[in-house]
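Structure, as structure tokens:
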Amino acid sequence: VKETYVIAPTTLPSGSYRIRQMVNGKSYSLTVKEKPSKTEAMKLITAKIDKPVKTSLMTVEMACKAYIDAKANILSPTTYKEYVATARRLPEAFKKERIINITSLDVQKVVNDYAARLSPKTVANYTNFIFSVLKAQEIDIKFPKLPQRIKKTPYIPTEQDIQAVLSQIKGTEHEIAIMLCCFGLRRSEVCALTVDDLDGNKLTINKAKVKDVNNKWVIKTTKTVDSTRTIIIPDDLADRIREKGYIYKYIPGSICRALERAEKEAGIPKCLTLWRMADSYHATHDSFNFFLCTGKTEYIFSIKEKDTN
């Protein structure tokens with residue numbers, strides 16, 4: 001005979017309500033947005049307990065696959081690959097556990113294991129993936145405690161530093177690519193550009209070069225609908241692109257590596273990251289803005305064309 005009773009709903013910090021039911025000493029819980037009546041609470045929690053046997057036998061590994069497959073058609077190739085890799089890297093013992101038996105303590109142990117060898121940001125990404133998978137299977141457990149992010153004091157580049165970097169990239173295969181990144185383009189967008197995308201000094205961005213699920217480089221649409229856009233670039237830069245006959249023949253990672261080499265050759269610490277500022281960039285004919293960031297701090301330098309010669 002089942003001994004069952006519903007514990008009164010408790011209010012969570014988010015404003016939602018948690019319903020718990022004890023059945024033969026085992027606790028089941030469910031989170032809802034609005035406070036239910038006793039009858040509603042009983043119906044909701046009972047429906048969860050009486051889930052199909054298929055779900056109760058599902059392992060974490062099976063749940064991860066089901067979650068990824070359900071989103072396969074709407075995920076970008078990069079995100080899809082990241083999800084697959086994240087699922088593959090979960091601890092073997094954790095992957096074999098039945099998902100209905102997963103507890104907060106189980107997830108916390110996985111987080112602790114990750115925290116010993118991975119960065120706080122990576123740990124957070126892995127944990128969010130695990131919880132998305134659990135949520136998709138209506139598993140309601142407490143979110144674990146994550147490692148605190150380490151606040152770093154970045155090196156603040158001076159305008160002289162930026163000029164030194166620009167000097168190092170001048171005349172190289174990477175110069176135009178880095179210049180275009182200064183206009184708010186993603187590296188993947190730069191690598192997908194062709195001369196046909198240039199009309200006068202107007203440059204249309206409507207595609208990106210990314211790796212597909214088979215790890216092959218492909219050309220696809222931009223990351224979001226708003227990413228498809230047309231920008232104005234200096235006439236001199238547009239003329240140089242037409243004279244060259246192409247924009248960039250390498251992969252996105254090559255742009256960052258070229259910037260890192262320029263930093264080293266310029267004698268400044270590795271601190272610069274090309275920053276996407278497509279929505280706020282305003283181009284002019286006689287200057288361009290060089291957007292850089294160190295950590296979460298953004299630096300904007302306005303460099304006149306004559307200063308880059």
Side-chain angles (χ1 to χ4, degrees), residues 12-14 16 18-21 23 26-33 44-149 188 208 210-218 220-221 223-224 252-253:
L12 302 176
S14 63
S16 298
R18 176 176 287 135
I19 309 167
R20 288 194 296 154
Q21 182 173 5
V23 179
K26 184 173 182 179
S27 176
Y28 297 85
S29 66
L30 178 68
T31 301
V32 294
K33 292 183 178 181
L44 289 169
I45 199 70
T46 299
K48 178 173 182 177
I49 294 172
D50 295 337
K51 287 189 298 186
V53 175
K54 181 179 178 181
T55 299
S56 67
L57 296 178
M58 180 179 283
T59 64
V60 171
E61 187 172 34
M62 293 164 61
C64 287
K65 185 178 186 305
Y67 176 75
I68 295 171
D69 289 346
K71 290 182 171 291
N73 292 333
I74 60 174
L75 295 174
S76 69
T78 300
T79 302
Y80 182 88
K81 284 180 57 183
E82 289 174 354
Y83 280 6
V84 171
T86 299
R88 185 177 63 248
R89 292 167 186 157
L90 292 175
E92 288 300 322
F94 183 73
K95 287 193 289 187
K96 301 305 179 186
E97 281 284 345
R98 290 186 180 180
I99 196 163
I100 200 169
N101 295 330
I102 294 297
T103 66
S104 297
L105 182 59
D106 294 326
V107 179
Q108 187 66 64
K109 287 179 179 178
V110 174
V111 170
N112 292 347
D113 176 62
Y114 283 151
R117 51 193 174 84
L118 301 174
S119 71
K121 180 180 179 181
T122 301
V123 174
N125 290 341
Y126 280 21
T127 305
N128 287 331
F129 172 77
I130 292 172
F131 260 73
S132 294
V133 171
L134 294 176
K135 185 177 180 181
Q137 297 300 326
E138 298 182 353
I139 304 300
D140 180 33
I141 60 175
K142 182 180 178 181
F143 198 83
K145 182 174 178 60
L146 300 179
Q148 186 174 4
R149 295 200 176 191
S188 58
V210 299
K211 281 188 175 181
D212 64 12
V213 295
N214 298 313
N215 213 34
K216 302 294 184 181
W217 287 106
V218 296
K220 60 176 284 294
T221 56
K223 189 171 183 179
T224 65

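Hydrogens, waters and symmetry mates play no part in the numbers below; they use all other heavy atoms, side chains included.
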Identify the heavy atoms of A115 and P147 that sit nearest to each other, and give their distance.
CB-CG, 4.1 Å
Do side-chain atoms of S188 reach the backbone of A208 as a donor and acceptor pair under 3.5 angstrom?
no
Taking the six-membered ring for Trp, are Y67 and F129 parallel (under 30°), tilted (30 to 60°) or perpendicular (over 60°)?
perpendicular
Kindly write out the residues that satisfy salt bridge (charged side-chain N to carboxylate O under 4.0 Å, His left out) with K71, not counting sequence neighbours, or none if the list is empty.
none
Measure the CG-CD distance between L90 and E97 for me, rounded to the nearest 0.5 Å.
12.5 Å
For V123, is there any backbone N or O sitting under 3.5 Å from a side-chain donor or acceptor partner on T127?
yes
Looking at every heavy atom in both D106 and N101, which two are closest together, and how far apart are they?
OD2-O, 3.6 Å
Under the side chain to side chain contact (heavy atoms under 4.5 Å, CB included) test, which residues partner A85, sequence neighbours left out?
R88, R89
Restricting to non-hydrogen atoms, name the atom on R117 and the atom on D113 that form the minimum distance, rounded to 0.1 Å.
NH2-OD2, 3.0 Å
So, N128 side chain and A124 main chain: donor-acceptor pair closer than 3.5 Å or not?
yes
Does a side-chain N-to-carboxylate-O contact under 4.0 Å join K65 and D69?
yes
What distance do I99 atom CD1 and I102 atom CD1 have between them, rounded to the nearest 0.5 Å?
7.0 Å
What residues form a side chain to side chain donor-acceptor pair (under 3.5 Å) with N125, not counting sequence neighbours?
none
Sorted by chain and residue number, the side chain to side chain donor-acceptor pair (under 3.5 Å) partners of T221 (sequence neighbours excluded) come out as none
By side chain to side chain contact (heavy atoms under 4.5 Å, CB included), which residues pair with Q148, not counting sequence neighbours?
none
On a heavy-atom basis, which atom in S104 and which in K142 lie closest, and how many Å separate them?
OG-N, 2.9 Å
Residues in ring pair (Phe, Tyr, Trp, His ring centres under 6.0 Å) contact with Y114, at least two apart in sequence or another chain
Y126
Approximate separation, where rounding is to 0.5 Å, of L134 CG and I141 CD1
5.0 Å
Given V210 and V218, is the side-chain contact (heavy atoms from CB on, under 4.5 Å) satisfied, shown in steps?
CA-CA 6 Å; V210 299; V218 296; 4.1 Å; yes
Under 3.5 Å donor-acceptor, N214 side chain and K216 backbone:
no
Would a distance-only check, ignoring hydrogens and angles, find a side-chain to backbone donor-acceptor pair under 3.5 Å from Q108 to K145?
yes
Quick one: pull up CG in N215 and NZ in K81 and give me the separation to the nearest 0.5 Å.
4.0 Å
Atom pair OG1 (T86) and CD1 (I68), whose distance is rounded to the nearest 0.5 Å
8.0 Å
Is P144 close to F131 at the side-chain level, that is, under 4.5 Å between some pair of heavy atoms?
yes
K109 atom NZ, over 12 foreign heavy atoms within 6.0 Å
no
About how many Å separate CZ of R98 and CG of L57, when rounded to the nearest 0.5 Å?
5.0 Å
